[in-house]
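Some notes on the structure that comes next.
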Protein chains: 2
Amino acid sequence: MNFVFNERDGCSKCPIRHRAVCARCDEDELAILEGMKSYRTFEQGETIIWRGDDLHHISSVVAGSASLSRTLEDGRTQVVGLLLPSDFIGSPGRKAVEFDVTAITDVTLCRFERKAFERLVSDVPHISQRVMEMALDELSAAREWMVLLGRKTAREKIATFIEMVVRRDTAPIHQDQHHTLPFTREEIANFLGLTLETVSRQLSLLKKDGVLAFVGRREFTILDLAALRDATGDDADGSVIV
Amino acid sequence: MNFVFNERDGCSKCPIRHRAVCARCDEDELAILEGMKSYRTFEQGETIIWRGDDLHHISSVVAGSASLSRTLEDGRTQVVGLLLPSDFIGSPGRKAVEFDVTAITDVTLCRFERKAFERLVSDVPHISQRVMEMALDELSAAREWMVLLGRKTAREKIATFIEMVVRRDTAPIHQDQHHTLPFTREEIANFLGLTLETVSRQLSLLKKDGVLAFVGRREFTILDLAALRDATGDDADGSVIV
DNA sequence: CATAGAGTTTGATCTGGGTCAAGGTTGTTG
DNA sequence: CAACAACCTTGACCCAGATCAAACTCTATG
């Protein structure tokens, strides 16, 4: 599962640090992009775009992280994706966003005028190839997450989430290493399709069972990696097929 | 929501009826594809590929429908996508499938040797553009489905499913029109993250409430479209943002 | 047209996780 | 450093949907 944390070896030569766009750092393309771009920042918690808003720009996250989510009329909300540096908001061919985009941390965006960006996509082949690859990656991650949302128990959901957080920090994973939860209990709940109380209870249980140890609310250590893996409900080998 | 039923106006000139591949029906490209392709059929219920199997071929569905699903060790299964004519099994850059692919009806596939297909994708720009568009469409559909799996009640899930089935048949939807459920109760359950008993009960309730009328197990009519829409839990206007 | 078997419905009961409510921590601001 | 506001934990209770079980209804097949 690489829902959250794709390999993101942004190109250092490129001012917008965009693998999709600057995979080969062609100077002409960069020049075009240079002329198009503008920056904008958002504070933690701020809504970047509401579902249905017109997309005048295609943006890419330069720094920080944001969530894609949908809220039903009565307030139930489900996070359907996370945006990290190099991810796009908006995509060629779409005039409006389908989900609310909210800043999880302070966020800096690099924006391009949509029409110009679309022209670039249709003119420069390797850009659509990169967008294709990104979309396919996110598609499998989303499907993987559908299994979690549809069929996993609360404990399995939490264990899977913890494993995902840990995998971001260090691969290969080993025990007795220090990690930090990137979200509040409520955000975790909206991500996993649970309530914040259930998240809290399940984390307490993992602590009681000697799987995790907490130092404060967000900082933790894995005491029993095998037990954690076991609790995810995934295949024993934890195989991530890519 | 167009998870199941994308617009699929396959090009009639192209023998493989593939919008992604033959969007402009370039004769040379078609000739290349002609030479590559082979056909294979599967019977209803047959497994087309198991998760983890090597993908020697990229296939496209020519006729019939198939499901993408994952089954946990104890037998819980979640359907994460449906494949209809023009959809692909396998994608450029992936050596193995991440989900089980099962024939829902009898299925005919048109297969291409993977390496050759990948070459075509990187050589012919408009192919990666089409694959990109398809992947982006499926990505939003998958995310939409994540909201359903994570946050909707059984009744809302069923109502959303019925509305989706109906939207495939006729747009605009109107009442007193005849429709057919494409799956068994168990398949619906695995699609919605429910048990088959709950699916059956909720369908009975919709019948009792005068929303639907059944003729046999699979054939039904909508008696109260407004009530159905209302039961989906989606925004009143039922807006599908694309 | 009898029979089998898959698919479905319905009932009875159980339970995981939601809801409501009360405190407890941590960290921030005047 | 007091006091407030987020954030988190824990308890008590409840209910939607799961589970277990039985019977019903198609459809297919010999």
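Predicted model, so just to flag it, every value in this text is computed and none were measured. Hydrogens, waters and symmetry mates play no part in the numbers below; they use all other heavy atoms, side chains included. Convention: sequence-line order gives letters A, B, ...; per-chain numbering from 1.
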Check whether any side-chain nitrogen or oxygen of A:Arg218 sits under 4.0 Å from OP1 or OP2 of D:dC8, and answer yes or no.
yes

Can you find a side chain N or O atom of B:Thr195 that sits less than 4.0 Å from OP1 or OP2 on D:dA18?
yes

Which is true for A:Gly193 with a 4.0 Å heavy-atom rule: it touches a base, it touches only sugar-phosphate, or it touches nothing?
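Here A:Gly193 touches the backbone only, sparing every base.
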
Does B:Ser200 reach a base, just sugar-phosphate, or nothing at all? Heavy atoms under 4.0 Å.
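Base contact.
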
In whole Å, what is the span from the [atom1] atom of [X] to the [atom2] atom of [N]?
{"X": "A:Leu181", "N": "D:dC7", "atom1": "CG", "atom2": "P", "value": "15 Å"}
{"X": "A:Arg151", "N": "D:dA18", "atom1": "CZ", "atom2": "P", "value": "7 Å"}
{"X": "B:Leu196", "N": "C:dG7", "atom1": "CG", "atom2": "C1'", "value": "9 Å"}
{"X": "B:Leu192", "N": "D:dG17", "atom1": "CG", "atom2": "P", "value": "12 Å"}
{"X": "A:Leu205", "N": "D:dT10", "atom1": "CG", "atom2": "C1'", "value": "11 Å"}
{"X": "B:Leu203", "N": "C:dT8", "atom1": "CG", "atom2": "C1'", "value": "11 Å"}
{"X": "A:Arg185", "N": "C:dG18", "atom1": "CZ", "atom2": "P", "value": "16 Å"}
{"X": "A:Phe214", "N": "C:dT25", "atom1": "CZ", "atom2": "P", "value": "17 Å"}

A:Phe99 six-ring face occupied by A:Arg51 cation (under 6.0 Å, within 45°)
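Output no; distance or angle outside limits.
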
[X] side-chain proximity, nearest of [options]:
{"X": "A:Thr198", "options": "C:dT9, C:dG18, C:dT19", "result": "C:dG18"}
{"X": "A:Leu194", "options": "C:dG18, D:dC8, D:dG17", "result": "C:dG18"}
{"X": "B:Arg201", "options": "C:dG11, C:dT19, D:dC8", "result": "C:dG11"}
{"X": "A:Arg217", "options": "C:dT19, C:dT26, C:dG17", "result": "C:dT26"}

Which of parallel (below 30°), tilted (30 to 60°) and perpendicular (above 60°) describes B:Phe214 and B:Phe220?
tilted

Which class fits the ring pair A:Phe191 and A:Phe161: parallel under 30°, tilted 30 to 60°, perpendicular over 60°?
perpendicular

Taking every non-hydrogen atom, the tightest pair across B:Glu187 and B:Ile104
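In terms of heavy atoms, the two residues are closest at OE2-CG2, 4.2 Å.
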
Is there a donor and acceptor pair closer than 3.5 Å between the side chain of A:Glu197 and the base of C:dC20?
yes

For the CG atom of B:Asp53 and the NZ atom of B:Lys95, what is their distance to the nearest 0.5 Å?
15.5 Å

5′-ward residue of the pair A:Val199/A:Gly216 relative to DNA chain C:
A:Val199

